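This report concerns only the one structure given below.
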Amino acid sequence: MEAPGAMKQVDPLYYAQLLFKRRSYEDCAVSFSGSVVIASLDHANCPSSNQTVCTKLLEKNPYDKAAWYLKARALTEAVRIDETELEDEGLAEVMLDENATAKLPRPGTSFARPMTNQGSSRGIRPTSKTGRPVSGFARPGTQSGRPSTMEQAVKTPRTAAGRPVTTASGRYVRLGTASMLQDESGAFINVAKLDLPKYAKRPALAKALFLYLLHVDEQPVKALELAAHATEHQEYQDQWWKAMLGFCYHRLGMFRDAEKQLQSSMKQQPTIFGAMLLAKVYIRLDQPQNALRVYSDALVPFADDTVLLAAQARVYEGIGDLTAAVGKYKNLLDNDSTNVEAIASLAAEEFYADQPELALLLYRRLLQMGVASAELFNNLGLSCFQAQQYDMALSCFERALTLAEDTTMSDIWYNISHVCLSLGDVTLTEQCLKLAVTYDSSNAEAYNNLGVIEQRSNKVDAARGHYLKAIETSAYIHEPHYNYGLISFNHGDMSTAQNECQAALKLYEDHVASQQLLLEIKQLLRE
């Protein structure tokens, strides 16, 4: 990278610092090029542009701490991600988790057993493939649950058309190997030859080295060793190193040790990072109430902090307390009027609360903010249709189909089928549903509606096949159980009808049609 105009004669290290402040991390690491002694930043006269200026400075003086520190920080910030957010749990984390405190937790005390009587009715608000009410904002951890059996875990996709992620640690390894900076002599830092106790006595260099080992080199064990030496050198009085110890323990899956270190750090000095990480530890331990307590305690010194409010709302949403989640999202929106997650979540809640006009206003607000995606136009189309703005609804669905990928195409065609059914065009409805199951063979709602259409056309065998496919695909929707029970009742199969009605009521105990059908079956069996 050639330095612009007046910057050509500037000190290379100063220019690197300037790029770092501008968050041009790659340019900061790769802008200083040349295989000759660099007196300026005129790269056009340099025979090579593959070595960094920091590398060149270190070749001139291997003990240049400023160049070493700056390069380590630039490489770290280029690949560093916010790990305080929720993340997807893989099969290894879910099925081999030995940290659960109760096999049969009370509703609301575990993510595996959320509340069912809070927020919109289950008969109105659809659920995801894991049984959670759909949220208005897609993020890691919201559409995934804790499966109770291995078979259910294998069936649960990470996305609509993907296989479940096997373990979370693989993501860190791939990020590390992809971002490793190699030159002729190998990696930037030879970790095997590091004298960690010596670096632990130099606070600034120790922190830069720690972050490099954790985020770039992906060696949490070495990072943990360095953090332990640094904590000991600071006489256990530095809250940052205690938090980093907890960070390493969390990365290694040692959640109880991480809990102790983070609690000590928070006791010494409360921080938002420490609170988020401690709550994340409790979430991995499946203790949402403790996570909520941590967020509430952190909101005392950091009142109305948007990061904490958003995290608290997500936990409430995870345990099924949608009423509390909506309250937190409203509070979040009061403090940050441009928060996309809060706006989208409130819009979804208003839509399922039979307030499509309010949902339409919120979705239009997202559109005005520059958010343009297939999901947004799909939700706009549904809101316009429910608000009886039919011309806008069709144009929004057309835009959604234009922007959609294969993973979202199924949901859009399913929603269009509802519009067609409301207009009385059953043939077009059937075509839309067939397109929905073509793009996503696990769309249980589409199979259920296809079964209803076939049943009304007196195609009993085809209807049964669709109902059974819907039941097999998703174990969390009650409609196919009721429909299959009804068609069995009409053909004299009382035993199957009774079992399916009971299954439907187990999923949604307030389903009136299933209650009435089950009562009628019991009366006939008594006779």
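When reading the values below, keep in mind they use all heavy atoms of this one structure, side chains included, and skip hydrogens, waters and symmetry mates. Keep in mind the model is a prediction, meaning the values are calculated, not measured.
For E77, the salt bridge (Lys or Arg N to Asp or Glu O under 4.0 Å) partners two or more places apart in sequence, or in a different chain, are R73, R80. Here E430 pairs with K434 under the salt bridge (Lys or Arg N to Asp or Glu O under 4.0 Å) rule; sequence neighbours left out. For A436, the side-chain contact (heavy atoms from CB on, under 4.5 Å) test picks out S410, W413, Y414, N443, A446, with sequence neighbours left out. Contacts of D304 classified as side-chain contact (heavy atoms from CB on, under 4.5 Å), with partners at least two apart in sequence or in another chain: N331, N335. For the side-chain contact (heavy atoms from CB on, under 4.5 Å) test, residues two or more places apart in sequence or in another chain that qualify with A347 are L362, Y363. Here R399 pairs with nothing under the salt bridge (Lys or Arg N to Asp or Glu O under 4.0 Å) rule; sequence neighbours left out. The salt bridge (Lys or Arg N to Asp or Glu O under 4.0 Å) search around R364 returns none, not counting sequence neighbours. By the side-chain contact (heavy atoms from CB on, under 4.5 Å) test, Q502 is found to be paired with Q498, N499, L518, residues two or more places apart in sequence or in another chain being considered. Contacts of T496 classified as side chain to side chain donor-acceptor pair (under 3.5 Å), with partners at least two apart in sequence or in another chain: D493.
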Mind listing the side-chain donor-acceptor pairs of residues 462-470 below 3.5 Å, one per line with the distance, residues two or more places apart or on another chain?
{"residue": "Y467", "atom": "OH", "partner": "G451", "partner atom": "O", "Å": "3.3"}
{"residue": "Y467", "atom": "OH", "partner": "V452", "partner atom": "N", "Å": "3.3"}
{"residue": "Y467", "atom": "OH", "partner": "Q455", "partner atom": "OE1", "Å": "2.7"}

Report, one line per pair, each donor and acceptor closer than 3.5 Å where one atom sits in a side chain of residues 381-388; sequence neighbours left out.
{"residue": "S383", "atom": "OG", "partner": "N379", "partner atom": "O", "Å": "3.0"}

Donor-acceptor contacts, no H, no angles, side chain residues 482-489, under 3.5 Å, sequence neighbours left out:
{"residue": "N483", "atom": "ND2", "partner": "N448", "partner atom": "OD1", "Å": "2.7"}
{"residue": "N483", "atom": "ND2", "partner": "E479", "partner atom": "O", "Å": "3.3"}
{"residue": "S488", "atom": "OG", "partner": "Y484", "partner atom": "O", "Å": "2.8"}

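Between E317 and R314 there is no salt bridge, since no side-chain nitrogen of the basic residue lies less than 4.0 Å from a carboxylate oxygen of the acidic one.
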